[in-house]
Each structure stands twice: as structure tokens, then as C-alpha cells.
Protein chains: 2
Amino acid sequence: MVPIHQRILKDIESKIVSGIWPPGHRIPVEHELLKEYQCSRMTVNKALSTLAERGMIIRRRKLGSFVASRQIDRTVMDIQDISTEAELAGHEHSHTMLMRKVERLDAATAMRLGETMGAEILRLHCLHAVDGKANALERRIIMLDLVPSARTESFATVPPGKWLLDMVPWSKARHVIRAVSADATTARLLETERGEACLTLIRQTWQSSRTVTYVEFIHPGDRFQFAGDFHPNESRTIDQLPQGIAS
Amino acid sequence: MVPIHQRILKDIESKIVSGIWPPGHRIPVEHELLKEYQCSRMTVNKALSTLAERGMIIRRRKLGSFVASRQIDRTVMDIQDISTEAELAGHEHSHTMLMRKVERLDAATAMRLGETMGAEILRLHCLHAVDGKANALERRIIMLDLVPSARTESFATVPPGKWLLDMVPWSKARHVIRAVSADATTARLLETERGEACLTLIRQTWQSSRTVTYVEFIHPGDRFQFAGDFHPNESRTIDQLPQGIAS
DNA sequence: GTGACCTTTTTGTCTATACAAATAGATACA
DNA sequence: TGTATCTATTTGTATAGACAAAAAGGTCAC
């Protein structure tokens, strides 16, 4: 019923998770395992390779396979687009454009983004509300040479984050989370007190070493938090087909 | 030189990353690929399975393989033990125990932790300094029935987080990041102003559905931030053998 | 002792083949 | 028309065997 290689995988995993095999323990070599499980070496190899990819064991030719040190540190945070997140949680989301301006990168900002000064950008300010209550202030820069279609987009119906997700093929991103005190303007927009602790998420998105967009989300600290989990034994699974099936 | 399956993997990956194959695109079936790359189906299959595990494609029997929707959201945050983090960055770390008390779980805390009231716990308060400057206030609860050796540990030399990492076999963890304003006590300990925005990290660690420890780190907002990256095409790799090689 | 070379162990990759499982689409049938 | 059944396609799993590559450890000549 359950494939053999998955059984082997679970078996070994549980020995590691439970502490029977502590970090540094040398696990049986493939030849011993194939005898134990009565299967071919390829099958054992698949199980062990998967464990190695997940970082639970380390394999070395001639030396063998060893239980890796734990690393609680690599936590997966679900940092999503704010509108997507609200929708998923069954909340109502809306946004208001506060500013939309085409300008050129000044020296300081260019330095911060790692881009060249003078490049044409679209600067957006946008207020997000969840269930009618102010939830985030968005300050965004979009590089117009990489996303020229942004020039004519008003972002009135689709929020910038969501819109961009569909425009840029694939990307890498860097996230920074900070705590800052709200200044007067921010406090007014977020309907909170001046000096109130706010959670700021900064996201810079690249496509092959060029910045696509740089954005700051400022959330009132009393209405927002980030959460993430670390599961050593679960690999992420995706089973939803994308909507538009293009040939 | 480079294994074939890795070449196939990189090839397909680059087509996805560059946007040549957009989300929803049906990629050639294994039979076509093995003709293109002049290799066996197993080799093609390995490449495609790896891509599927990484979440870049979705495979369906009879239907074929499709490019998955992007999901910028699953970001890996390096949330480490504070002393480890300081060491790695080449900073000097020290800690001071402020409180160390054995007590029993009250109803409210038990509820919050999902544990039963009255269980024996060790409550720790601890101040962390990096390069001589206050960097975090740690408030921790350790379940004594799961970690009985904590009862006699003073945590004078090794900070609690690091000590626990070596004591508990493997575990899953949940992290929550929030922004809060410093109260008078916190402000005094962290050498900052009352009301100052602080970044709070809450971590709850389990071992097979039992809480091992629950901890809050409160960082001054002006001295701390979390950062994390999303790389679609890199799987995490570990190549460092654990120190103690036990047989 | 030191370096060059060989042997052995263990993992890494690959092939060719086989059958199983899922399932979309076609076909037969009531 | 709707339903049950068959068929073809595609991926999933497994096998047995082969050779390659890394690297520890041994051997031998110098």
C-alpha cells in the first residue's frame, strides 16, 4: 500500500526525531538497509537521498550517512500578499490609493536598492483595510523599465502586490521584519496613536539580479503578527493546479 | 561532468524562472524529454520529481506536468538561537540570569500553551547582550517533566536556548513575531525608553505533541530585525558533519 | 618519514525494463 | 440521455545490474 521507499524514510525519520539516533550517529549503510527491508539499493537510495535533501542526514562517500545536527532556525514564514492573506482567512479586504507618482531614483534610494540612480520608477502609497479597519500602510517602488505596463495601471481595483505577482515571471525575494514607532502621519492613517509600536515588513523582489519592486508594509502592532512553523519531517506539498492551463 | 538529471533540472528551471514557461504551462512529458536529452526515463523522472518536491511544477498522472503558480509567500527565515546568531556574525554575546524559579502552571498559561494546569515548570528570565549592549529580554517556560535535567541546571554559562537545543532530540516549532511597546520594566532592562517599539519573537517548541518550552524574546526595535529569503530554485543544503560522531 | 600508488568501502548516477495507479476520453449500453 | 466500462496516456514505484567518484587506509619504494 505505502511505497517501500516511503516506509524506509518514515522509519529512519522516526528514529532520528525520537532521539534513538542522535545527531552524529552513523546510520546503516545502504547494503544493510536493503537486506533489512528486502528491496533494491535504488529504493533505499531514494529514501536516503530524500532525507539528505531535507537536511536530516548528511551523506559522504566512503564514510557513510550521519544524522545531521538539528536546526530549528530555518523557519518557513507564510508572508503573503496582504489581500490574499485576508481572503484566505475569510476577511474582507479593501485598499485606497494615496499616492501614485512617476519619478526618478535619487542617490540615497538607489544605493539602498542596489540600483542605478536616475532610473525611472513608480512610487505608490496605499492604505489597506481588513474588515473595514486600517491594517497596513504600503509604500512601494516599482522599477518601470522592468515592469513598463505599470505606467498605465491605476491599481484602483487590484492592489499593487497582487497585480505584480501576475506580471513578473518568477523571482527571488528578501524580507526584513522590523519594529518601529509610528510617526504622526502613519499614526493618523492607521488610526492609532503616535509612537505606537508598528510591525514593518520590507520586501525587495528581484528578477535575475534586477530589482522589480521594493515595498514597505507598516502594520499597527496591536492588529498584526507574523507566524511560521518549523517541521523537520514535512516537505512542502502543492497539489493545486494553476488556473490558466496554457499549452 | 554535471550529472544529466541536474542538467535537465536546471534547463527546465531556467525556462520557468525566465518566464518562457509561465504558470499553467504544460511541460513536455517524460517520453519527449528522454528523447531530447538522450537518457532513460528514470533520469528524466528524477529531475521532474525533484522539481515537483520543490514546488515548481505539479505532476498529475494522465494529465502531465504543469508549471506551478509562484508563491513568494513561503519565506525561509533564519530564526536562530540568539547566542548562535551573534557568534556567526562575529559578535560577542553574554547573558545574565534575572530569575530562575520552579513553579506550577496556572490556568491561563496552561491554556495558552495547550498544556494541563498544575504541571511543573521552570520559569526563567534572562537578559542578553551583544557586544556589551542589551539586545534581548528572554522570558522562558520549560516543562520539567519533559526536560527533568533542567531542574539542576543553573544556565550560568550556557544560555537556556542553546542548552535546550542539545537536550531535546528533535522537534517542531512555531514562531510568532509581533511588535509591542516596551513597558517600564522592559525599557529599563533593555536600556531604552518606555513606549519604545520592540520586536517580540515567541517560540513554542514541541516534541511529539508535548510542549518542551515556550519562550518570548523582546528586542529593542532600533537594534534588531529579522531577515529571510525566498529562493525558488535553491534547495537547502547542509554539508557540515555534526561534531560528535557516535557509532 | 614521505610520497606515490593501490585497494576497499560507500555513495552517486545511469540504464533498461516492468508493472501499478490515476484518470481523461471514448465507447457501449440501458 | 445518462451510466457503466474500456482504453490510452502519463506518472509512480520498483528491480537488477553497471560503472563512476570520493576518500580512508594500506603498501611499497625511496
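Values below: every heavy atom of this structure, side chains too, minus hydrogens, waters and symmetry copies. Chain naming here is simple, since letters A, B, ... match the order of the sequence lines and numbering starts at 1 in each. Since the structure is predicted, the reported quantities are computational estimates derived from the model, not experimental observations.
- No hydrogens or angles considered: a donor-acceptor pair under 3.5 Å links the side chains of Thr213(B) and Arg140(B).
- Checking Lys46(B) against Arg41(B), the closest nucleotide of DNA chain C that is more toward the 5' end is the one next to Lys46(B).
- Distance CD (Glu32(A)) to C1' (dT9(C)): 12 Å, rounded to an integer number of Å.
- To the nearest angstrom, P of dA20(D) lies 18 Å from NE2 of His5(B).
- Look at CD on Gln38(B): it is 13 Å from C1' on dT15(C), rounded to the nearest Å.
- Between dG17(D) and Ser40(A), no contact under 4.0 Å exists linking OP1 or OP2 to a side-chain N or O.
- Between the CG atom of Leu9(B) and the P atom of dT13(C) there is a distance of 12 Å, rounded to whole Å.
- Here Leu48(A) lies out of heavy-atom contact (under 4.0 Å) with every strand.
- The distance between atom CZ of Arg26(B) and atom C1' of dT11(D), rounded to the nearest whole Å, is 11 Å.
- Nucleotide dA22(D) holds its C1' atom 14 Å from the CD atom of Glu30(A), rounded to whole Å.
- Mapping Cys39(A) and Lys62(B) onto DNA chain D by nearest heavy atom places Lys62(B) at the nucleotide closer to the 5' end.
- Look at CG on Leu63(B): it is 10 Å from C1' on dT9(D), rounded to the nearest Å.
- The shortest distance between the side-chain N/O atoms of Thr43(B) and the OP1/OP2 oxygens of dT15(C) is below 4.0 Å.
- Listed pair Gln6(B) / dG12(C) fails the phosphate criterion, with no side-chain N or O lying under 4.0 Å from OP1 or OP2.
- The distance between atom CG of Asn45(B) and atom C1' of dA18(C), rounded to the nearest whole Å, is 14 Å.
- A donor atom on one side chain and an acceptor atom on the other are not found under 3.5 Å apart for Arg178(B) and Thr200(B).
- At a cut-off of 3.5 Å, with distance as the only test, no side-chain donor of Arg203(B) or Tyr214(B) sits close to an acceptor on the other residue.
- Within the structure, every side-chain polar atom (N or O) of His31(A) is placed at least 4.0 Å from both OP1 and OP2 of dT9(C).
- In this model, the phosphate group of dT11(D) is approached by a side-chain N or O of Arg59(B) to a distance below 4.0 Å at OP1 or OP2.
- The existence of a salt bridge linking Arg210(B) and Glu115(B) is confirmed by a sub-4.0 Å separation between a basic side-chain nitrogen and an acidic carboxylate oxygen.
- For Arg61(A) and dT11(C), a side-chain-to-base donor-acceptor distance below 3.5 Å is present, hydrogens and geometry of angles not being considered.
- Close to dT11(D), at under 4.0 Å from its OP1 or OP2, lies no side-chain N or O of Ser49(B).
- Identified under the salt bridge (Lys or Arg N to Asp or Glu O under 4.0 Å) test for residues 152-162 of chain A, with sequence neighbours left out: Glu87(A)-Lys162(A).
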